[in-house]
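Please read the structure below before turning to the comments.
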2 protein chains.
Amino acid sequence: MEGSPRRTRIQQEKRELILEAALEVFSANGFRGSTIDQIAEAAGMSKPNLLYYFRRKEDIHETLMQRLLDTWLAPLRELDDIGDPLTELRSYIRRKLEMARDFPRESRLFANEILQGAPRIMPMLEGELKTLVDEKANVVKGWMRAGKIARTDPWHLIFSIWATTQHYADFDVQVRAVLGPDRGGDGRFEDAARFLEQLFLEGLKPKE
Amino acid sequence: MEGSPRRTRIQQEKRELILEAALEVFSANGFRGSTIDQIAEAAGMSKPNLLYYFRRKEDIHETLMQRLLDTWLAPLRELDDIGDPLTELRSYIRRKLEMARDFPRESRLFANEILQGAPRIMPMLEGELKTLVDEKANVVKGWMRAGKIARTDPWHLIFSIWATTQHYADFDVQVRAVLGPDRGGDGRFEDAARFLEQLFLEGLKPKE
DNA sequence: CAAAATTTTGACCGGTTGGACAAACGTTAG
DNA sequence: CTAACGTTTGTCCAACCGGTCAAAATTTTG
């Protein structure tokens, strides 16, 4: 058994500072597109100083990734059997959209990793993530069997919630460019929330 | 007025070869993550030879990007007023999903560019793309006014179609990892098509 | 305070990268 | 055949990048 290494107060603080800076840089440029110098400058320290706290560039990325995954899956973990199905799904969509709004850098970091083939987190996708999604898909299946929601593919339903919500973080510049200066402001997340709620809960069929 | 530069037959062919190789490499590693050497090797030639056809790395990327945008927006251009609205939308969704299936590299190239803040194509997003989307959003608005489809935000509707379809190209490794070896095979696009059709045309409300 | 431990820095290194260039090679037209 | 033109290659370079190291500066501890 090995506990996490003992660290001084300074080490704790500086490591946080570096991780915050690295999140900024990695999420904007990807892993290979980012340099240690950039991260060091964003953290307000010299490169060798940074390397005193993280011995390799990859260590920073790995630490960032580990932390990310916990918070990233939290909304899905909260989805559970108790309560009204449609309400549960609406809450899940809202939580995911809030994450896209409040943690866009984390979303882009994740997107960058997946886009490049997920070389560093593949085992996690096939293990922890798959297990969690399978479990929640079965919950959704139960709702369908009980006639609480329409029958459809639960896995693709989850994918579509991921895709539509994360889009507002990952493709933010495109969303803003298309909406223009007037509609692309802070209100876009509320518009998106309203739209997604209707899409998932009602579809596009006209109401009689 | 300046026409496109005169080129010999060999130049035409070699340039195509390079662009094909560059698409492979750029879409997998991003712009900064790709090296001229990688592209040259994928194209079966030496680095200086490649640089004879494209003088700078950025020229390759730029050429690739310009071509991409035309084909990328083609499905949306086809969306028009004539014909049944729900059928039109279903066709658009299917075309976009087919593009994700048949041109995943193009999708990832585009996603990479947007993720990094779209530094090279920003003017196009604010110009050509915005104009096209605004135009099509108005078509959709007309359908809504006519009571042909439910009232909702046309812009966010288009975003959600982009997001859900491109997801199967951009996040392909994640989709496959979650679906597992049995369900993650070639059939996943048909499952996705069925699901998306239901989602957009019916929503999740249970049928009475 | 003084010794010990921690933190910061400047100088440096080997490998990679984008790109330049001239020489060699091949092709085509007179 | 040969001169002109187009293509390919080997060599080289300067900038950059990840990372090392020893020494200096600072903080902590007895």
Side-chain angles (χ1 to χ4, degrees), chain A residues 3-66 109 112-113 116 119-120, chain B residues 3-66 109 112-113 116 119-120:
Chain A
S4 61
R6 232 165 265 245
R7 304 203 206 280
T8 67
R9 180 184 50 85
I10 288 190
Q11 274 173 350
Q12 301 260 16
E13 290 173 5
K14 292 284 166 103
R15 283 175 64 95
E16 287 308 314
L17 205 69
I18 292 169
L19 288 172
E20 158 66 25
L23 175 59
E24 189 75 25
V25 176
F26 280 143
S27 67
N29 307 107
F31 181 76
R32 284 214 49 187
S34 306
T35 71
I36 300 184
D37 268 314
Q38 283 176 321
I39 300 171
E41 195 193 333
M45 63 180 71
S46 63
K47 180 171 68 169
N49 197 184
L50 181 149
L51 285 167
Y52 170 72
Y53 293 103
F54 290 90
R55 288 166 64 191
R56 293 181 307 146
K57 182 185 175 185
E58 239 189 292
D59 291 348
I60 309 176
H61 192 264
E62 201 182 309
T63 307
L64 223 40
M65 226 42 163
Q66 277 168 0
L109 181 67
N112 257 307
E113 177 70 11
Q116 323 265 310
R120 302 160 219 278
Chain B
S4 62
R6 232 165 265 247
R7 302 201 207 282
T8 69
R9 182 183 47 85
I10 288 190
Q11 271 174 350
Q12 300 261 15
E13 289 173 6
K14 292 285 167 100
R15 282 174 65 96
E16 288 307 313
L17 204 71
I18 292 169
L19 289 171
E20 159 66 24
L23 175 59
E24 188 74 26
V25 175
F26 279 144
S27 67
N29 307 108
F31 181 76
R32 284 215 50 188
S34 306
T35 71
I36 300 184
D37 268 315
Q38 283 176 319
I39 300 172
E41 194 193 334
M45 62 180 74
S46 65
K47 181 169 67 167
N49 196 184
L50 182 149
L51 285 167
Y52 171 71
Y53 293 103
F54 290 89
R55 288 166 64 189
R56 292 181 306 147
K57 181 185 176 185
E58 238 189 292
D59 291 349
I60 310 176
H61 192 264
E62 201 182 309
T63 307
L64 223 41
M65 225 44 163
Q66 278 169 359
L109 181 67
N112 257 307
E113 177 69 12
Q116 324 263 309
R120 302 160 219 276

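Since this is a predicted model, take the numbers as computed values, not measurements.
Between A/Gln11 and C/dT6, a side-chain N or O to OP1/OP2 separation shorter than 4.0 Å is absent. Phosphate contact (OP1/OP2 of D/dG10, side-chain N/O of B/Lys47, threshold under 4.0 Å): absent. Close to C/dT8, at under 4.0 Å from its OP1 or OP2, lies no side-chain N or O of A/Ser46.
Following rounding to the nearest Å, A/Tyr53 (OH) and D/dG18 (P) show an atom-to-atom distance of 20 Å. Atoms CG (A/Leu51) and P (C/dT8) sit 13 Å apart, rounded to a whole Å. Between the P atom of C/dT7 and the CD atom of A/Gln12 lies a distance of 11 Å, rounded to the nearest Å. Rounded to an integer number of Å, the gap from B/Gln38 CD to C/dT17 P is 7 Å. Between B/Arg55 atom CZ and C/dG18 atom P the separation is 17 Å, expressed in whole Å. Rounded to an integer number of Å, the gap from CG of B/Leu17 to P of D/dT7 is 14 Å. Between the CG atom of A/Asp37 and the P atom of D/dT20 there is a distance of 15 Å, rounded to whole Å. Remark: P of C/dT6 and CZ of A/Arg15 are 15 Å apart, rounded to the nearest angstrom.
Annotation: of the two residues near DNA chain D, B/Asn49 and B/Arg32, the 5′-most nearest-nucleotide partner is B/Asn49. Summary of the strand contacts: B/Pro48 and A/Lys57 both lie near DNA chain D, and taking for each the nucleotide with the nearest heavy atom, the more 5' one is attributed to B/Pro48.
Atom CG of B/Leu109 and atom CZ of B/Phe26 lie 8.0 Å apart (nearest 0.5 Å).
Without hydrogens or angle criteria, B/Arg32 side chain to A/Ser34 main chain gives no donor-acceptor distance under 3.5 Å.
Residue B/Glu41 places its CD atom among 12 or fewer non-hydrogen atoms of other residues, nucleotides or ligands, all under 6.0 Å distant.
Taking the side chain of B/Tyr52 as heavy atoms from C-beta on, and the options C/dG18, D/dT7, C/dT6, the nearest nucleotide is D/dT7.
Here A/Glu113 pairs with A/Arg120 in a salt bridge; the nearest charged N to carboxylate O distance falls below 4.0 Å.
Side-chain contact check for A/Lys57 versus A/Thr35: every heavy-atom pair is 4.5 Å or farther apart.
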